[in-house]
Amino acid sequence: MLIMLFLSSGLFLGWSLGANDASNIFGTAVGTRMVKFYTAAIVASIFVVLGAVISGAGTTHTLGKLGAVDMIAGAFMVALAAAVTVFWMTKLSLPVSTSQAIVGAIVGWNMFAGKTTDINALTKIASTWVMSPVLAAGFSYVFFQLFKKILEFWKIHIFRLDAYTRIGLIVIGAFGAYSLGANNIGNVMGVFVSVAPFENMNLWGFDVSGVEQLFLLGGLAIAVGIFTYSKRVMQTVGEGVVKLTPQSALVVVLSQAIVLFLFASKGLEAWLLAHNLPTIPLVPVSSSQVVIGSVLGIGLAHGGRGIRFRVLGKIASGWVTTPIIAAGISFISLFFLQNVFDQQVVKTIDHTEIHHSIDIEVPAHG
Amino acid sequence: MIFKKTKGLELQMDAFLDKISEAGIVFRRGVKNYMNKDANDFERHLEQIRRLEHEADELRKNIETQLYTQTLVPESRGDILALMETTDDVIDRATDTLSEMSIEGPMVPEEFRPGYIELAKSVVKAMEEMVKALRAFMRDPLNVRNYLHKVYHFEKESDRIAEDLKRNIFASDKLELSQKIHLRYFALHIDTIADRAEDVADRLSIYTIKRSI
């Protein structure tokens, strides 16, 4: 039971991910009434859980290398610090992402534990935050032009196009949900991986490892978030901010799914390595910022009119402020948890353990 | 399953546009019959256009109900409905005009008859281009513009013919004022059909921009 109490902060992060980020995938589809909310919620939940359990290890591994939180109370506080940061910054209407908050919180733990954070690794992670929306913009620009050409060439009847688009939104949405689960489960459960006491077990003839059980729990928390809270968010996305046609929504979801997948897929990494190509770091990225990148790509395809650069500036500022605030909250609350609540949050405070540094995939050239 | 429904709707929409297009031809022939004092054919065409109007009405209601009960094309269904209703006005106007000719039996002097026939021809051309633009809107929005400008052209042309006709009617010294007013009424009503086609074209030009992805 105590374990659930410690996991609760991670589960809360999962719930909040489901409540907010599922709308990045199905928001326009539901908001424009192309897909029913319950269809979207069921598809999103199933595929988020699948993505988390099957492909969640890649990004989690990277976060684990940034800082290997070694006590469950510490993991609880790191996740809680990230959750509080996200909640607080959202309340202040500041751009925020769980991915960036958790990295900050881990760095906070490193500082508290006296472990050195590998600046190289951190830079690499931070570079993916910049890269992901830019890549998404590129993808959606290309896909938009491609879709346009296809529509011009095939001359599909408006009613038939409607049917194709609905199916596309569900199928590509499923892929998007899978990628979201794979890419973001690390944020939710990553810090607990090395400390959660789950044993391997056999479930209906399948061997389920401890980590997979943890990811399954996180995935379920995301699903609960989707069912309990994402409906309103989806309707807001569909009606507000940016008005997308269902066909451009398809492009946005596709680009987003691909980008989240690129930053999460171990299979792709192995394939790139095997072909001597530079690999893509497996890092949890912000799906909201990826969506903004995708929408921007469509804006560019329309000739770049109406792009509000102030919004982009605000997002970029979030890349810096979010981790710093999260690191601060994490450090202070770890201090309180250890000294006021008498919980051990760090196994060994060892200032010599510097070599525990990170070796995130070094691109193999040549 | 979903494609079967879609196919059915596509067919109904095509049938609706066929009715409008056919009604145009029937209207033109009806006016010609009336001017040539060919009463039997005129009544036959009147009957035919009434039937077409009724069938188009049924198709429109059917499509509207399906679009709303099955939440199809949620982004554009409002536009599609508005287009169909405005298009319905065109066929209604044509039917009413033939019907009024049958009821009121205006006395058209020989010299004005070619003018009415020419006006009906021009109005029907606007209608035909409107139907082509509507078909393009459904499948090939980039092509809509190619038809819209023709609708506008024939609408203007119809206005010009109607004005000439009215001027000639009122300039005539063989007619009573009541007769002139009666004749003007018919020139006006035939011309209104082209105006309704222009209303459809106006809507189409906006909806086409909305339809691009």
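Letters A, B, ... mirror the listed sequences (proteins, then strands); counts begin at 1. Remember, it's a predicted structure, so these values are computed and weren't measured experimentally.
The number of heavy-atom neighbours closer than 6.0 Å to NZ of K180(B), taken from other residues, nucleotides and ligands shown, is above 12. Other residues, nucleotides and ligands place no more than 12 heavy atoms under 6.0 Å from the NE2 atom of H54(B). The number of heavy atoms from other shown groups lying within 6.0 Å of OH (Y229(A)) does not exceed 12. Annotation for K166(B): atom NZ counts as buried by contact number, over 12 foreign heavy atoms lying within 6.0 Å. Within 6.0 Å of atom CZ in R29(B), 12 or fewer heavy atoms from other residues, nucleotides or ligands are found, so the atom counts as exposed in its surroundings. Under a cut-off of 6.0 angstrom, the local environment of OH in Y68(B) is crowded, with over 12 non-hydrogen atoms contributed by other residues, nucleotides or ligands.
Between Y164(A) and F3(B), the distance from one ring center to the other falls under 6.0 angstrom.
Looking at I167(A), only its side chain comes within 4.5 Å of chain B, counting heavy atoms on both sides. Heavy atoms closer than 4.5 Å to chain A are found in the side chain of L142(B), but not in its backbone.
Here the CD1-CG distance, from I158(A) to D140(B), works out to 12.5 Å after rounding to the nearest 0.5 Å. Atom CE in M34(A) sits 9.0 Å away from atom CG in L72(B) (nearest 0.5 Å). For the atom pair NE2 (H157(A)) and CZ (R135(B)), the distance works out to 9.5 Å, reported to the nearest 0.5 Å.
Here the closest non-hydrogen pair linking L9(B) and F159(A) is CB-CD1, 3.7 Å. Shown here for R211(B) and I156(A), the closest heavy-atom pair between the two residues is NH2-O, 4.3 Å. In plain terms, the two heavy atoms of E75(B) and T32(A) that are nearest each other are OE2-CG2, 3.6 Å. In terms of heavy atoms, T71(B) sits closest to R33(A) at CG2-O, 4.2 Å.
You'll find the side chain of D162(A) reaches within 4.5 Å of the side chain of P74(B), heavy atoms only.
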